[in-house]
2 protein chains.
Amino acid sequence: MERNTRQRAAIRDALTQAGRPLLPLEVLAAAQAAVPGLGIATVYRALKAMVEDGEARSVTLPGENPRFEPTALSHHHHFQCRRCLRVFDIHACPGDLSRLAPRGFSVEDHELTLYGRCRECALAGASAARAKSGRRR
Amino acid sequence: MERNTRQRAAIRDALTQAGRPLLPLEVLAAAQAAVPGLGIATVYRALKAMVEDGEARSVTLPGENPRFEPTALSHHHHFQCRRCLRVFDIHACPGDLSRLAPRGFSVEDHELTLYGRCRECALAGASAARAKSGRRR
DNA sequence: TTGTATGCAAAGCGTTTGCAGTGAT
DNA sequence: ATCACTGCAAACGCTTTGCATACAA
């Protein structure tokens, strides 16, 4: 039977309060605020258990280690900024994509990641370009 | 300057002839047909160089190690079968997705993965009740 | 009391790197 | 003759696991 420990509560809270997918080390850091002695192995074990229970899922972007997020979130996608590398949740969806698959294939699910610049980095890049070229937008 | 060695030729051939993204170990196995003594470190180094040259790119699916494919392929996406876990190329694209991003965000690119059943596994699943004859590969 | 959960340290695994020898130019 | 490339093995970083202890139930 599964037990309610301070550690698991802290880990669960860290995930739900983040608002973005977290790396195991980020979960550790956040949860250690509530449980100082928390070890990384416990984080991995708890995350694994939560994924198996369908309580959490992992999100893996190319070249990055897996991040974790609560499954409770409604269907959504991700945006990674190529400048600051942060990952954002996107609460929009292209909808049904089954028409893209070859005939005979059945599509059950999809995952979409957008790449580009987040608002902050788009502004930073724009002003950098302005300064460099000596022109204004 | 970059040199043309048997090893790199074999690795490049393995990638271009596969028709699907390959794991480093799969590249090694395929390329060893041409260069028996080939080492895994050489594969990693060659793949890294090819990615930096824009000749190849890596594809990472959740819970899987990175796979590699030639960049020469036109823009496409991937389909992973949840039964046989094989990854297929999809030569279709939902098109412009910039409307999905929050305001202020600029979208430069996107990556899409569909999940479901490939043709074979869809058929196998349908007949699984009467015969346990599901074949992979 | 019973047995799961925890923390620590060691082990695993995929990937990277140092080094001396090899081979393309 | 250079000097990038290669193979081997050691090193690395992230993740998992073995084990003795702590603590929910």
Side-chain angles (χ1 to χ4, degrees), chain A residues 1-15 18 20-69 80 85-87, chain B residues 1-15 18 20-69 80 85-87:
Chain A
M1 197 46 213
E2 201 149 282
R3 295 178 180 178
N4 291 342
T5 62
R6 292 177 306 133
Q7 288 84 341
R8 295 194 173 183
I11 290 167
R12 183 173 296 116
D13 288 352
L15 271 195
R20 63 187 179 87
L22 296 183
L23 296 167
L25 279 178
E26 294 177 319
V27 174
L28 177 67
Q32 278 182 336
V35 185
L38 184 62
I40 187 65
T42 298
V43 171
Y44 278 104
R45 280 189 280 233
L47 289 175
K48 188 177 179 184
M50 290 173 73
V51 168
E52 285 170 358
D53 291 0
E55 193 181 344
R57 77 165 67 86
S58 78
V59 181
T60 309
L61 302 183
E64 309 263 323
N65 293 326
R67 291 172 163 85
F68 295 81
E69 66 183 9
Q80 183 172 38
L85 300 185
R86 280 185 296 177
V87 177
Chain B
M1 232 264 320
E2 201 150 285
R3 295 178 183 178
N4 292 343
T5 62
R6 291 177 308 133
Q7 289 84 342
R8 293 194 174 183
I11 289 166
R12 183 174 296 113
D13 288 351
L15 271 195
R20 63 187 179 85
L22 295 183
L23 296 167
L25 280 179
E26 294 178 318
V27 174
L28 178 67
Q32 278 182 337
V35 185
L38 183 62
I40 186 65
T42 298
V43 171
Y44 277 105
R45 279 187 280 233
L47 289 175
K48 188 177 180 184
M50 291 174 73
V51 169
E52 284 170 356
D53 292 359
E55 191 180 344
R57 79 164 68 85
S58 78
V59 181
T60 309
L61 301 183
E64 309 264 322
N65 293 327
R67 291 171 163 85
F68 294 82
E69 65 182 9
Q80 183 172 40
L85 301 184
R86 282 186 296 175
V87 176

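Computation of the quantities below employed the complete heavy-atom set of this structure, encompassing side-chain atoms and omitting hydrogens, waters and symmetry-equivalent molecules.
Per the geometry, CZ belonging to A:Arg8 stands 6 Å off C1' belonging to C:dA5, to the nearest Å. Following rounding to the nearest Å, A:Glu64 (CD) and D:dC14 (C1') show an atom-to-atom distance of 14 Å. A:Arg67 places its CZ atom 12 Å from the P atom of D:dC14, with the value rounded to the nearest Å. Atoms NZ (B:Lys48) and P (D:dC12) sit 16 Å apart, rounded to a whole Å. Per the geometry, CG belonging to A:Leu23 stands 16 Å off P belonging to D:dG13, to the nearest Å. Rounded to an integer number of Å, the gap from CZ of A:Arg6 to C1' of C:dT4 is 16 Å. A:Gln32 places its CD atom 13 Å from the C1' atom of C:dT6, with the value rounded to the nearest Å. The separation between A:Leu47 atom CG and C:dA5 atom C1' is 15 Å, rounded to whole Å.
For C:dT6, one of the phosphate oxygens OP1 or OP2 lies less than 4.0 angstrom from a side-chain nitrogen or oxygen of A:Thr5. When the side-chain nitrogen and oxygen atoms of B:Gln7 are compared with OP1 and OP2 of D:dT6, one or more of them lie within a distance under 4.0 Å. In this model, the phosphate group of D:dG7 is approached by a side-chain N or O of B:Thr42 to a distance below 4.0 Å at OP1 or OP2.
A:Glu69 and A:Arg57 are joined by a salt bridge, as a carboxylate oxygen and a charged side-chain nitrogen come within less than 4.0 angstrom of each other.
Judged by distance alone, with hydrogens and angles left aside, A:Arg3 brings no side-chain donor or acceptor close enough to the base of C:dA5 to form a pair under 3.5 Å.
The residue among A:Val43 and B:Glu2 whose nearest nucleotide of DNA chain C lies closer to the 5′ end is A:Val43.
With rounding to the nearest 0.5 angstrom, the CD atom of B:Gln32 is 8.0 Å from the CD1 atom of B:Ile40. Atom CD of B:Glu26 sits about 10.5 Å away from atom CG of B:Leu15, to the nearest 0.5 Å. Taking CG of A:Leu22 as the reference point, atom CD1 of A:Ile11 lies at 11.5 Å (rounded to 0.5 Å).
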Could you walk me through whether B:Glu55 and B:Arg8 pass the salt bridge (charged side-chain N to carboxylate O under 4.0 Å, His left out) test, one step at a time?
CA-CA 12 Å; B:Glu55 191 180 344; B:Arg8 293 194 174 183; over 6 Å; no
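A 4.5 Å side-chain heavy-atom check between A:Arg86 and A:Arg20 finds every atom pair outside the cut-off. B:Val59 is not listed as a side-chain neighbour of B:Val87, based on a closest heavy-atom distance of 4.5 Å or more.
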Generate the contact string for nucleotides 8-14 of chain C. Rules: B means base contact, S means sugar-phosphate contact only, - means no protein heavy atom under 4.0 Å.
B-----S
